[in-house]
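Both backbone and side-chain heavy atoms feed into the values below; hydrogens, waters and symmetry mates do not. Convention: sequence-line order gives letters A, B, ...; per-chain numbering from 1.
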Protein chains: 2
Amino acid sequence: MTISEAEAVVMDVLWGKAPRTAEEILAEVGPSQNWQEGTVKSLLNRLLKKDAVHAERDGRRYLYTPLLLREQYVQQESKGLLDRLFGGRVAPLVAHFSEQRKLSEKDIAELRKLLAELDNEQH
Amino acid sequence: MTISEAEAVVMDVLWGKAPRTAEEILAEVGPSQNWQEGTVKSLLNRLLKKDAVHAERDGRRYLYTPLLLREQYVQQESKGLLDRLFGGRVAPLVAHFSEQRKLSEKDIAELRKLLAELDNEQH
DNA sequence: AACTTATGTTTACACGCGTAAATGATTGCG
DNA sequence: CGCAATCATTTACGCGTGTAAACATAAGTT
């Protein structure tokens, strides 16, 4: 059961801070997304059906908490792309960005550090 | 105008070798995908509408050629993911795979080489 | 108790996608 | 020439998505 892009926007809010009410979610996401309240409610209900969030009654409203972890989601998404486009290998992906000149100085520095760490830990 | 996943499967065949007839595409993709001929035709027509492929009549059938380049497609897809999930920065993405233990020895070697090259060329 | 407000639940609707069946057109064969 | 085979084009249909309107319900207010 995959979660859609609009649903992921809602999850993002919850990953930022939870639990939250529908209203709070709308407040954070409405401006950029131009959504109505009903839209957010629908998305939350679909996420409930998909067991991606949990809702706990709090008086008249619900508090929503993510069940699906950001890490899991990121994992699925990136693995999908990696497999589909780069034969499941990371180096070609980085090479791609490199050719596209999408590697910032900071990226390069961090990559270097990462490799150095891998060198030590050997894991 | 984005191209869907099933459409991308067809594009993949064409990126491998073009021009091709619908029949050839089916032959290459049918087994793994379990598609009927009509399915491939529909996908080709949708790709035509999206200007992702070009069709040239050849007697009774058409020869299809990709207009959208693989590089463009890969670019869009990866940028999308990168922006949505890693704030547009490459290093965090690689770090993610690293944590997931998805970096093969070969990946690491290649990344190292890549960084070395970047070092020289300074581009 | 009736009315308003806040919130959630149900229903809707158009669009793209995956998948194909139905139909149409062209051509080779008997 | 008429029929069968070969392609292509049109139509279909269920499902998920993006987006919300309509409806229901509970709680606070007069």
Side-chain angles (χ1 to χ4, degrees), chain A residues 1-14 18-68 73 76-77 80-81 84, chain B residues 1-14 18-65 68 73 76-77 80-81 84:
Chain A
M1 206 133 300
T2 51
I3 89 179
S4 79
E5 207 162 316
E7 287 160 3
V9 170
V10 171
M11 289 305 289
D12 239 333
V13 175
L14 291 176
R20 305 266 206 135
T21 69
E23 198 191 359
E24 286 168 333
I25 295 173
L26 176 63
E28 181 155 332
V29 104
S32 68
Q33 229 68 24
N34 251 79
W35 283 342
Q36 301 298 112
E37 192 154 339
T39 304
V40 173
K41 301 274 178 71
S42 287
L43 293 173
L44 281 169
N45 279 318
R46 287 174 187 174
L47 287 169
L48 278 172
K49 279 217 183 87
K50 296 182 182 180
D51 284 318
V53 306
H54 167 78
E56 179 160 9
R57 186 132 234 157
D58 169 44
R60 77 183 85 208
R61 62 252 184 70
Y62 281 106
L63 294 176
Y64 297 91
T65 315
L67 289 183
L68 175 68
Y73 176 70
Q76 289 170 204
E77 292 294 300
L81 182 106
R84 277 194 303 119
Chain B
M1 206 132 304
T2 52
I3 90 179
S4 79
E5 208 163 313
E7 286 160 4
V9 170
V10 170
M11 290 304 289
D12 239 332
V13 175
L14 291 176
R20 305 266 205 134
T21 69
E23 199 190 359
E24 287 169 331
I25 294 173
L26 175 63
E28 181 156 332
V29 104
S32 68
Q33 229 69 24
N34 251 76
W35 283 342
Q36 304 298 112
E37 192 155 339
T39 304
V40 173
K41 300 275 177 69
S42 285
L43 293 173
L44 281 169
N45 279 316
R46 285 175 188 172
L47 287 168
L48 278 171
K49 278 215 183 88
K50 295 180 183 182
D51 284 317
V53 305
H54 167 78
E56 179 160 9
R57 187 131 232 160
D58 170 43
R60 76 183 86 208
R61 61 256 182 69
Y62 281 106
L63 293 175
Y64 297 91
T65 315
L68 175 68
Y73 176 70
Q76 287 170 205
E77 292 294 300
L81 182 106
R84 275 193 303 123

Which part of the nucleic acid, if any, lies within reach of B:Asp58 when heavy atoms closer than 4.0 Å are counted: base, sugar-phosphate only, or nothing?
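It contacts nothing in the nucleic acid.
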Classify B:Glu37 by what it touches in the nucleic acid, base, sugar-phosphate, or nothing, heavy-atom distance under 4.0 Å.
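The answer is nothing, as B:Glu37 stays clear of every strand by at least 4.0 Å.
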So, under a plain 3.5 Å distance rule, would you say the side chain of B:Arg46 forms a donor-acceptor pair with the base of C:dT19?
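Checked by distance alone, the answer is yes.
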DNA chain D: A:Glu7 or A:Asn34, which has the more 5' nearest nucleotide?
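That would be A:Glu7.
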If every non-hydrogen atom of B:Ala55 is compared with every non-hydrogen atom of B:Tyr62, which pair is closest and at what distance?
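Residues B:Ala55 and B:Tyr62, closest heavy atoms: CB-CD2, 3.8 Å.
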Give a yes/no answer on whether the side chain of [X] brings an N or O atom under 4.0 Å of OP1 or OP2 in [N].
X       : N      : result
A:Arg61 : D:dA27 : no
A:Thr39 : D:dA20 : yes
A:Lys49 : C:dT9  : no
A:Ser42 : C:dT9  : no
B:Trp35 : C:dT19 : yes

A:Ile25 CD1 to C:dT7 C1', straight-line distance once rounded to whole Å
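Interatomic distance, CD1 of A:Ile25 to C1' of C:dT7: 13 Å.
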Length of the line joining A:Glu23:CD and C:dA6:C1', which is rounded to integer Å:
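Whole-Å distance recorded here is 9 Å.
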Nearest to the A:Tyr64 side chain among C:dT10, C:dG8, D:dA27, which nucleotide is it?
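For A:Tyr64, the side-chain atoms sit closest to C:dG8.
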